[in-house]
**Student:** 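Here's a structure for you.
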Amino acid sequence: MSKIEHFLDGKLQERKDNLSIRNLSTNIPPFDFCSNDYLGFARSSELKKLIDNTIATLPNYLNGAGGSRLLSGNTALTEETEQFIADFHMAESGLIFNSGYDANVGLLSSIPQRGDTIITDELIHASIIDGCRLSHAMRYKFHHNDINDLETKLKLAKGNIFVVVESVYSMDGDIAPLIEIANLCERYQANLIVDEAHATGVFGANGSGLINQLNLTNKVFARIVTFGKALGVHGAIILGSKNLRHYLINFARSFIYTTAAPIHNIVAVKSAYQHLNKIDHQLIHQKIALFRKMLKAQNINALDSESTIQGILFSSNETTKLAAKALQSKGFDVRAILSPTVALGKERLRICLHNFNTDEEIISLVNHLKELN
């Protein structure tokens, strides 16, 4: 075995020893309580029909992009879609990226400079952490959703200041105190960046997100909205000023040096936004309320969450994996979230609720959770 293969084998063995090894699987149980397809768009025949009908009307339809947006990959339809989405979210402008990861890395690696300061919530998404690492700015973390600790870090900040949070956190499912954070940023002249990945489609008028719901659009420097969660398609957009859009076109490496999304993907994104106007936006909240009611009735200790993401804590990787396996054997697609993805001792089952989950499925899932808890 070569030296590098020995290294790879050793690191993998460490993961196996602490029961945190990750594997891909195509064995999917029938009752989906795992995916981020909160509104069921990824499986929607209506949305598929809308996409197909739109594609059929396009002249000179291409299967692929053939180049980056700055070379041959830009189209009028892409720019129209960006403005359509920006208007939907009450933003001045927007720039589409190929994924939420690309958007966060591109934004945070290009704008904060040496002498500036980035302050992030300690539970921020890995893509934001990676983007911050690529910048030359000073970096601080504040305790999760802790306004006092955020202010302590703001007092240490220098240069242009960027505060980065998620509106709904992807592992705990809880909501950031956005009004208080926005007011604090205003007081310290900090630029607020909010990742709305898990709020889009679920909160706000027609699923426009928590920034819109809380009337904070004028207090946010940039928003990251992803299309691969509730919208059921793929990609992301950074929303902000026209200046921000033009800056990213010139300096965001994850935008500049990648092949553009194909036209089919752009049509799918715009169609998903149009489909948002056709659904009952109270249904998902009814599912959340039922799940929370059942948890309380069964006295199951869960993380506090008003979102589609619900967490049931266990004491170790081993017990969490066993619980997930037991539920999967009953047909429930529930996954274990293990350390180091979450902190040691905070391992959990991450349960996602969807419009297509029947009340009977939700009740049955909670009853089986009771047997494990």
Side-chain angles (χ1 to χ4, degrees), residues 104 107-108 111-133 135-200 202-204 209-225 239-240 292 301-313 337 339-348 350:
N104 279 324
L107 177 69
L108 289 158
I111 296 181
Q113 303 293 306
R114 196 180 304 277
D116 293 339
T117 306
I118 306 171
I119 306 173
T120 65
D121 188 288
E122 65 179 341
L123 298 187
I124 208 72
H125 193 268
S127 59
I128 295 172
I129 295 171
D130 288 354
C132 294
R133 285 172 174 167
S135 86
H136 294 290
M138 177 70 70
R139 306 193 304 273
Y140 294 107
K141 291 188 293 187
F142 67 96
H143 300 315
H144 181 51
N145 283 346
D146 188 329
I147 294 297
N148 293 329
D149 194 42
L150 171 57
E151 184 163 21
T152 297
K153 302 303 190 297
L154 281 166
K155 289 176 180 176
L156 300 173
K158 293 179 171 58
N160 289 316
I161 308 168
F162 302 89
V163 172
V164 194
V165 299
E166 296 178 48
S167 52
V168 175
Y169 282 87
S170 60
M171 288 297 132
D172 286 24
D174 57 345
I175 294 171
L178 292 169
I179 294 174
E180 293 89 339
I181 290 172
N183 289 340
L184 202 57
C185 287
E186 197 169 45
R187 193 185 318 159
Y188 283 88
Q189 296 184 308
N191 301 283
L192 178 57
I193 297 172
V194 181
D195 188 325
E196 288 257 70
H198 295 278
T200 304
V202 178
F203 296 98
L210 275 165
I211 295 301
N212 287 82
Q213 180 174 308
L214 299 172
N215 296 315
L216 294 173
T217 54
N218 293 329
K219 293 193 173 187
V220 176
F221 168 67
R223 276 178 281 172
I224 302 91
V225 171
L239 301 171
R292 298 299 299 183
N301 185 25
L303 294 171
D304 189 22
S305 169
E306 300 172 26
S307 76
T308 53
I309 302 165
Q310 303 287 325
I312 312 296
L313 291 176
I337 305 298
S339 58
T341 300
V342 292
L344 195 65
K346 296 283 188 179
E347 297 85 0
R348 82 280 306 268
R350 180 181 184 266

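Predicted, not measured: the structure shown is a model, and the values here were computed from it.
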**Student:** With heavy-atom distances below 4.5 Å as the criterion, would you say the side chains of Phe203 and Ile175 are in contact?
**Tutor:** yes
**Student:** Is there a side-chain contact between Arg223 and Asn212, using heavy atoms and a 4.5 Å cut-off?
**Tutor:**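 Contact flag for Arg223/Asn212 side chains = yes.
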**Student:** Do His143 and Glu122 have side chains that get closer than 4.5 Å, going by heavy atoms?
**Tutor:**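 Counting from C-beta outward, His143 and Glu122 do come under 4.5 Å.
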**Student:** Using 0.5 Å steps for rounding, measure from the CG atom of Leu184 to the CZ atom of Phe142.
**Tutor:**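 These two atoms lie 9.0 Å from each other.
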**Student:** Under 3.5 Å, which donor-acceptor pairs do the side chains of residues 152-161 form with other protein atoms, sequence neighbours left out?
**Tutor:**
{"residue": "Thr152", "atom": "OG1", "partner": "Asn148", "partner atom": "O", "Å": "3.1"}
{"residue": "Lys153", "atom": "NZ", "partner": "Asp149", "partner atom": "OD1", "Å": "2.8"}
{"residue": "Lys153", "atom": "NZ", "partner": "Asp149", "partner atom": "OD2", "Å": "3.2"}

**Student:** Write down the atom of Glu196, the atom of Ser167, and the distance for their closest heavy-atom approach.
**Tutor:**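 That closest heavy-atom pairing would be OE1-OG, 2.5 Å.
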**Student:** Could you state the interatomic distance from CZ (Phe221) to CG (Leu107), rounded to the nearest 0.5 Å?
**Tutor:**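 Interatomic distance, Phe221 CZ to Leu107 CG, rounded to 0.5 Å: 6.5 Å.
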**Student:** Please name the residue in the list His125, His144, His198 that meets the ring-ring contact (aromatic ring centres under 6.0 Å, His included) test with Tyr169.
**Tutor:**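 When ring-ring contact (aromatic ring centres under 6.0 Å, His included) is applied between Tyr169 and each of His125, His144, His198, only His144 qualifies.
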**Student:** How close do Gly173 and Ser305 get, counting heavy atoms only, and between which atoms?
**Tutor:** O-OG, 2.9 Å
**Student:** Atom OG1 in Thr217, atom CD1 in Ile211: separation rounded to 0.5 Å?
**Tutor:** 8.5 Å
**Student:** Rounded to the nearest 0.5 Å, how far does CZ of Arg350 lie from CG of Leu303?
**Tutor:** 11.5 Å
**Student:** According to salt bridge (Lys or Arg N to Asp or Glu O under 4.0 Å), does anything in residues 164-178 pair up with another residue at least two apart or in another chain? List the pairs.
**Tutor:**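 Listed once each, the pairs are Asp172-Arg348.
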**Student:** Taking the side chain as every heavy atom from C-beta outward, state whether Leu192 and Val165 have any pair of such atoms under 4.5 Å apart.
**Tutor:** yes
**Student:** For the CD1 atom of Ile119 and the CD1 atom of Ile193, what is their distance to the nearest 0.5 Å?
**Tutor:**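 If we round to the nearest 0.5 Å, Ile119:CD1 and Ile193:CD1 are 11.5 Å apart.
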**Student:** Once side-chain hydrogen bond (donor to acceptor under 3.5 Å, both in side chains) is applied, do any residues pair with Asn104, and if so which ones, sequence neighbours excluded?
**Tutor:** Ser127, Asp195
**Student:** Flag yes if more than 12 heavy atoms outside Glu306 fall under 6.0 Å of its CD atom; otherwise flag no.
**Tutor:**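 No, CD of Glu306 has 12 or fewer neighbouring heavy atoms, counting only those of other groups under 6.0 Å.
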**Student:** Please name all residues satisfying side-chain hydrogen bond (donor to acceptor under 3.5 Å, both in side chains) with Arg292, sequence neighbours left out, ordered by chain then number.
**Tutor:** Gln310
**Student:** Return the set of residues passing side-chain hydrogen bond (donor to acceptor under 3.5 Å, both in side chains) with Thr308 (not counting sequence neighbours), or none when no residue passes.
**Tutor:**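 Residues passing side-chain hydrogen bond (donor to acceptor under 3.5 Å, both in side chains) with Thr308: none at all.
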**Student:** Determine the minimum heavy-atom distance between Ser135 and Leu108, stating which atoms define it.
**Tutor:** CB-O, 3.4 Å
**Student:** Which salt bridge (Lys or Arg N to Asp or Glu O under 4.0 Å) pairs, counting each pair once, include a residue from residues 177-189, with sequence neighbours left out?
**Tutor:**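 The answer is Glu151-Arg187, Glu186-Lys219.
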**Student:** Starting at CG of Leu150, measure out to SG of Cys185 and round the result to the nearest 0.5 Å.
**Tutor:**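 Leu150 atom CG to Cys185 atom SG measures 6.0 Å (nearest 0.5 Å).
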